[in-house]
Amino acid sequence: MGNEQPITNPEKVSPEDLPDTRAMQDKFTRSFLKSTEEVEEGYYLFQSGIDGFEMYFPTSGLIGEKGYYGKKGSEQFNIGIEETHYEIGITMEYARFPRKEDIETSLSVLEGKMDEKRDVEKVMQEGREAYYAKFTNEDFFGYSAYVQNTNETGGIFITYSIKCLETTTECDEEDAFIKWLKSIQFKEEELGENSA
C-alpha cells in the first residue's frame with residue numbers, strides 16, 4: 001500500500017485538497033486541466049474541450065464559461081488572468097479545417113484582425129508554426145497570433161491583451177507570451193501517443 005501514487009486528476013481530487021490557485025478553484029476551468037501538478041512553475045497542462053490541442057495554462061487564469069463554445073472541429077473561449085501588476089485577456093479561436101498549404105489565407109485573416117498593418121514574427125516548433133505581431137492601444141497592449149498545425153489540418157487565432165495596473169511597473173510580457181505560445185501543441189488524430 002505504500003507505493004500508491006497520489007491522485008492528480010483534478011476531477012478526482014476532493015475540493016479541500018485542490019491547490020489554492022485561481023484555476024483549480026474554478027470548477028469550469030478545472031475541467032480542462034489534466035493534473036493538479038504544475039508542468040512548469042505557474043502553469044498547469046490544459047487540454048481543449050474538443051481534444052484539438054494542449055497548452056500551458058496559467059495558475060492564475062480562468063476560462064469564461066458563458067463565452068465558451070466547443071463543437072466538433074471548432075472551439076472558442078476566453079481566458080482571464082489576474083496578477084498583482086497586470087491583467088491579461090486571451091481570446092482563442094480553434095478550427096480543425098485550416099491547412100498548412102493555405103497559410104497565406106490564414107495570415108490575411110490575422111492581418112484583418114489587427115487595426116493596422118504590423119510586422120509579423122514567425123516562431124517554428126515541431127509540428128506547428130506560430131505567427132504573431134504586437135499591437136498597442138491607449139489602455140493596453142498585446143499580441144495577435146495564429147498557430148498552424150504543420151502535420152495535419154488545424155489552426156488557432158489568438159488575441160493576447162495586457163493591461164498594466166501600475167504605471168511604475170514594467171509589464172511587457174513578450175518573453176512570457178512567446179513561451180506560452182510555444183507550449184501550444186496540436187493533438188494528432190491519426191497518430192499514436194508516442195508518434196512524431
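Positions are given from 1, in the same order as the sequence printed here. Side-chain atoms are counted along with the backbone in the values below, which use heavy atoms only and exclude waters and symmetry mates.
The main-chain N or O of D51 is never found under 3.5 Å from a side-chain atom of E75 such that the two would form a donor-acceptor pair. Distance alone, capped at 3.5 Å, places no donor-acceptor pair between the S74 side chain and the K71 backbone.
Cluster membership check: V147 shares its hydrophobic cluster with V123, using side-chain heavy-atom separations under 4.5 Å among Ile, Leu, Val, Met, Phe, Trp and Tyr. Y146 is connected to V109 through a chain of hydrophobic side-chain contacts under 4.5 Å among Ile, Leu, Val, Met, Phe, Trp and Tyr, so both are in one cluster. Under the 4.5 Å side-chain heavy-atom criterion for grouping Ile, Leu, Val, Met, Phe, Trp and Tyr, M92 is not connected to Y69 through any hydrophobic cluster.
The ring of F32 has its center no closer than 6.0 angstrom to the ring center of Y44. Ring-centre distance between F53 and Y94: below the 6.0 Å cut-off. You'll find the ring centres of F135 and Y160 outside the 6.0 Å limit.
Salt bridge annotation for E82-R22: present, with a cationic side-chain nitrogen under 4.0 angstrom from a carboxylate oxygen.
Closest of all the heavy-atom pairs between F140 and I162 is CB-O, 3.0 Å. The two residues A133 and D119 make their nearest non-hydrogen contact at CB-O, 3.3 Å.
Open room surrounds CD on E138; 12 or fewer heavy atoms of other groups in view lie less than 6.0 Å from it.
Side-chain contact check for Q148 and Y131: no donor-acceptor pair (N or O, by modelled atom type) lies under 3.5 Å.
Under the side chain to side chain contact (heavy atoms under 4.5 Å, CB included) criterion, K34 pairs with L45, Q47, E54, not counting sequence neighbours.
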